[in-house]
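Okay, so here's the structure we're looking at.
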Amino acid sequence: MGNADQQSSESDTTSRYSAQMAQDIELRWQKWWDEQGTYIQPNPGEDGFDASKPKYFCMDMFPYPSGAGLHVGHPEGYTATDIICRYKKMQGFNVLHPMGWDAFGLPAEQYAIQTGVHPEVTTKTAIDNFRRQLQRFGFCYDWSREFGTIDADYYKWTQWIYLKVYHSWFDVDADGGKGRARPINDLIQDFIGGKRKVKLNPNAAEYTGAGDLPDGTDAGPWESLDNETRKAVVDSYRLAYLSQQTVNWCPKLGTALANEEVKDGLSERGSFPVYRKPLRQWMFRITAYSDRLLDGLKDLDWPNSTKTQQAEWIGRSEGAEVGFPIVLGGGMELGESLRVFTTRPDTIYGATYMVVAPEHGLVEMAMEFAGEQTDVKRLQGYVDWASNRSDIERQENKEKTGVFLGIHVRNPLTDELIPVWTADYVMMSYGTGAIMAVPGQDQRDWDFAEKFDLPIVRTVTPPADFDGEAYTGDGPAMNSGMLDGLMINEAKSKIIDWMSEKHIGAKRVNFKLRDWLFSRQRYWGEPFPIVFDERGNHHGVGEDSLPVRLPPLTDYQPVESDTPQPLLAKATDWVNTTAGQAGVHGLHPDEKVTRETNTMPGWAGSCWYYLRYCDNKNNDQLVGDAAQDYWMGESGVDLYIGGNEHAVLHLLYARFWHMVLFDLGVVKSEEPFRKLFHQGMITSHAYQRANKTLVPIDEVENLGTEEKPEYIELADKTPVDRIVAKMSKSLKNVVNPDDVIAEYGADTFRLYEMYMGPLEASKPWNTRDIIGLYRLVQKIWRLCVDETTGELKFADVADDAAEKQLHRMIAKVGEDIEKLSFNTAIAAMFEFVNVAKVLTKDQMDRFVRAIGPFTPHVAEELWHMLGHETSVAIADWPSYEESMLVDDEIEIPIQVMGKLRSKLHVSPDTDAKTLEALALADEKIVALIEGKTVRKVVVVPGRMVNIVAN
RNA sequence: GCCGAGGUGGCGGAAUCGGUAGACGCGGUGGAUUCAAAAUCCACUUCUGGAAACAGAGUGGGGGUUCAAGUCCCCCCCCCGGCACCA
């Protein structure tokens, strides 16, 4: 069973579709397509470009070429885009359908560490293997547009974009307050001309919390500043900036990671513990785009879940920032305020204590100006303990901990003194790193207050029997002076107005999104186009000196260390150079400089690759204007299909880069991907013991039947359950696409993956089911080809039923491709081949075109047998007649009281009156309603009749 | 805890607007063909009762709206994915 290689022993079926014939047909046409350049799509201005056609830009998320080769999940999305692109091409679109390689990254480097083979060697081998595998599927990629992110003439432009961002700042006032990136020279001109006040614009991340709002410190007139200060001012504005801040440090990977790369306190890659560590790293000021990244989501044709995930990651929340004057130990007023962010300013009368994060500046200040109440030793002990806690520990143990700072703040409304504590349930990275704790209305504060015996004051009246926890619902304010009796929203606006007037606080919006940590201490990534002079100042290299090539390294063994040790530091000849050699303008050519030794993260290359596809050979621009205008148009890529694991990684980063490039005039659309779709994961089966542990598939036997299975574990004969599980090496349930193609051919493989279920759903692979799709291809073959002669066989006269079914199939397949509903399109093909026995030449011609997007090889073979000399891929999509979709006679159900009792067979345009009369006269119905009163008859013409009788 | 997407035969899944639940495929049963098998073709295949006609039940559970509910509303349960002490 299921052995498709089985050859018929009968001599009269010389032309039966078999696995061997599939190999022959598929390889032959793949070679021909390649020779003919069938899938090469010229650019505007090039030979063969037809400017009268509309464009369709359809992309897959390009793969990371791993040594393991393609798994069955890859071709799922790729087959979907392939079908759409073939269909669009046949409909007369110029279709841009490219493929490339996301080839920098950690796995190749880790493999290199184990084996000593250079990552470039393993990566290129893996790319060759991936390309071979993809070509075996017959995908219609325009391979002339292929590139890898590791190619120097590609990463040259990645570095070019980095420099663009580095040489930009975000003008928050531009475009009516929407904000826009502008060249840093504009800022300098503004400073020189006095149009803009010169301020040291501290990064929000460098702000330690105590004291004034981080809206910049006056630096005095530009002319009065020395060069170093000027540079410091300008650097503090850059969209790519170097900053000391608390980052996610992963000792096992030996690199710092972005927030988006940490999941549940572990590194996304490798699942190693992550610690918080203050480090000096390159950051991208993505937070400047918080509002635009959020607003832009509204108009995108993206899955709801993905938009929600991004929106929640950006995490906009409205509230107020309030200042509480600081009173040091001994009652001395400091003259500065502790600023807190709250979404519930209405509860300020219930703020019975304050909490600052352990990294907050006020903690250090409390130790410095220690009063009687300050236990410096305990405080320091707590801060040290908190900083050594990994994120995973924090998540696993949420027991409240904290220490009193020994200082107080004054409630600006009541003048009461409120104690200030530090506790690690407050994050330095959100808001101001300080909160006013209102245990009456916040459960976390309630828990803390209970544990440390702090007072609890309710300021919102809870329901009568409510007790024992914080009340977060609405209700009239109590214990709240001038707010008493007001509901939450009224109280909020009243108190914000009052505080704004008194300059105590103001309305404020906060985001969860943090700036993007962009430097990694690894080897296999793009070098930064940055050098440092001997004073430690950073400089961008000139565009004319790009690419900054990744130097070869023989030893990429990382030094396990608590501090970053960038591997490129080992390339001493490369690191130590001169301004002239590095191509830095504005320094003396002989000045000694050292290169930045961090590298860019894997995301860098994928942030803009869609642009390069439009014009991958351009040496002068990252993408030529005409190519970009045509392919990207107003709204970018027309369809982008890939996994949802990048919802807040690649898909957020790419939008950010694109917006910056838009602001700087490099691209013309504000968003890169208009329509996004996620293919579901292809899972497999595994077996589960009673204790929920999993058993590999080869250690289990089924003692029962297919219908009533009884699975037992071979080792100890205990029963196990069959469950759906991810494919993994350890469960031995991984399917290799090469094996499936060898057994059934690529056309069958493509059909099977598209027929498994809805594209977006996660679906279990079931080898048993493939045979059904193999039979479909065989039926297609047998419908067209005489198995004894190997020649096409034709009917002289078209069979009415077949003709009708063909129109239906063409209509359904076209509609379903547009809806990305491939499983139902294939069902329509089954229905057709089940009805049709033999076709006329004209019918076959239409049929072959309609299956072309799904089974391109067998379609191409039949197409040429039909006498065509050009590819079916460039034939016209067949048309159908609306009138052929209507039946001569339809079946109308007759219900009595909503239950199906009989059926009428009538012409589809029978009117309501006739239907009612026919229904009431129906034999079965007459018997049923005998002795009852007909109260009502509901008739939906063309649909049903329902008789209400009792 | 919050957010998102789901739950339909033995299995994968269909079902525009509320209008014949289970299209199509796998598996299964019976038959034709064959010396025999494979392949192919035909019939049946949601469950229960029944020889059948037919009757009853049925889309995770409970309630509701409606002539009519897989589909709409309310409550609950389960599974998957994301976020998670975010003030």
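So that the names make sense, note that chain A is the first sequence line, chain B the second, and so on, each numbered from 1.
- Between A:Lys763 and the phosphate of B:G12, there is no side-chain N or O to OP1/OP2 separation shorter than 4.0 Å.
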For nucleotides 49-59 of chain B, tabulate all protein N/O to nucleotide N/O atom pairs closer than 3.5 Å, reporting atom names and distance.
residue: B:G56; atom: OP2; partner: A:Arg901; partner atom: NH1; Å: 3.3
residue: B:A57; atom: OP2; partner: A:Lys899; partner atom: NZ; Å: 2.9

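- Atoms CD (A:Gln309) and C1' (B:G82) sit 4 Å apart, rounded to a whole Å.
- For residues 341-350 of chain A, the pairs satisfying salt bridge (Lys or Arg N to Asp or Glu O under 4.0 Å) are A:Arg344-A:Asp346, with sequence neighbours left out.
- Using a 4.0 Å cut-off between charged side-chain N and carboxylate O, A:Asp424 and A:Arg389 make a salt bridge.
- Between the P atoms of B:G1 and B:G50, the separation comes to 48 Å (whole Å).
- Closest to the side chain of A:Ile771, from the set B:C42, B:C26, B:C24, is B:C26.
- In this model, the phosphate group of B:U20 is not approached by any side-chain N or O of A:Lys903 to a distance below 4.0 Å at OP1 or OP2.
- For the pair A:Tyr430 and B:A87, the criterion of a side-chain N or O lying under 4.0 Å from OP1 or OP2 is met.
- A:Ser317 has a side-chain polar atom (N or O) that falls below the 4.0 Å cut-off from OP1 or OP2 of B:A87.
- Residues A:Ile826 and A:Leu751 meet the side-chain proximity criterion, which asks for heavy atoms closer than 4.5 Å.
- Spacing between B:U65 and B:U46 at atom P, rounded to whole Å, works out to 33 Å.
- Within the model, atoms CD1 of A:Ile314 and CG of A:Leu652 stand 5.5 Å from one another, a figure rounded to the nearest 0.5 Å.
- Going from atom CD1 of A:Ile435 over to atom P of B:C85 covers 13 Å, rounded to whole Å.
- Taking atom C1' in both B:C44 and B:G82, one finds a spacing of 46 Å when rounded to whole Å.
- In this structure, A:Glu312 places its CD atom 11 Å from P of B:A5, rounding to the nearest Å.
- Between A:Phe452 and A:Tyr353 there is no side-chain heavy-atom pair separated by less than 4.5 Å.
- Out of B:G27, B:U20, B:A87, the shortest distance to the side chain of A:Met427 is found at B:A87.
- A salt bridge between A:Glu399 and A:Lys451 is present, with a side-chain N of the basic residue lying under 4.0 Å from a carboxylate O of the acidic one.
- To the nearest whole angstrom, the two C1' atoms, one in B:C72 and one in B:U48, are 31 Å apart.
- Side-chain N/O atoms of A:Lys400 and base N/O atoms of B:C85 include a donor-acceptor pair closer than 3.5 Å.
- When distances run from any side-chain atom of A:Asn823 to the nucleotides B:A87, B:G13, B:A23, the shortest one goes to B:G13.
- Against the 90° criterion about 0, the sugar-base torsion of B:C73 places it in the anti range.
- For A:Lys812 and A:Glu831, the salt-bridge test fails: no basic side-chain N is under 4.0 Å from an acidic carboxylate O.
- Between the CE atom of A:Met681 and the P atom of B:G81 there is a distance of 7 Å, given to the nearest Å.
- Counting only heavy atoms from C-beta on, A:Lys936 has its side chain closest to B:C67 among B:A39, B:C42, B:C67.
- Applying the Watson-Crick and G-U wobble criteria (two distances, each under 3.5 Å), B:A55 pairs with B:U48.
- A salt bridge links A:Arg808 and A:Asp887; the closest N-O separation between the charged side-chain nitrogens and carboxylate oxygens is under 4.0 Å.
- Side-chain nitrogen and oxygen atoms of A:Lys263 include at least one within less than 4.0 Å of the OP1 or OP2 phosphate oxygen of B:C83.
- Side-chain atoms of A:Asp769 stay outside donor-acceptor range of the base of B:C26, with no qualifying N/O pair under 3.5 Å.
- The glycosidic torsion of B:G31 lies more than 90° away from 0, which places this base in the anti conformation.
- Comparing the same atom, C1', in B:G10 and in B:A84 gives a spacing of 40 Å after rounding to whole Å.
- Look at CG on A:Leu759: it is 15 Å from C1' on B:A5, rounded to the nearest Å.
- A sub-4.0 Å separation between OP1 or OP2 of B:G25 and a side-chain N or O of A:Asn834 is present.
- The distance between atom CH2 of A:Trp313 and atom C1' of B:C3, rounded to the nearest whole Å, is 14 Å.
- Summary of the strand contacts: A:Thr306 and A:Arg514 both lie near RNA chain B, and taking for each the nucleotide with the nearest heavy atom, the more 5' one is attributed to A:Thr306.
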Item to complete: Evaluate side-chain contact (heavy atoms from CB on, under 4.5 Å) for A:Ile418 paired with A:Thr352, printing each intermediate quantity in order.
Response: CA-CA 6 Å; A:Ile418 307 174; A:Thr352 53; 5.7 Å; no
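- B:C26 is paired with B:G10 under the criterion used here, namely a Watson-Crick or G-U wobble arrangement in which both key atom distances are under 3.5 Å.
- One can place CZ of A:Phe832 at 16 Å from C1' of B:C24, the figure rounded to the nearest angstrom.
- Under 4.0 angstrom from either OP1 or OP2 of B:G27 there lies at least one side-chain N or O belonging to A:Arg775.
- Checking A:Lys398 against A:Asn304, the closest nucleotide of RNA chain B that is more toward the 5' end is the one next to A:Asn304.
- Between the CZ atom of A:Arg943 and the P atom of B:A68 there is a distance of 18 Å, rounded to whole Å.
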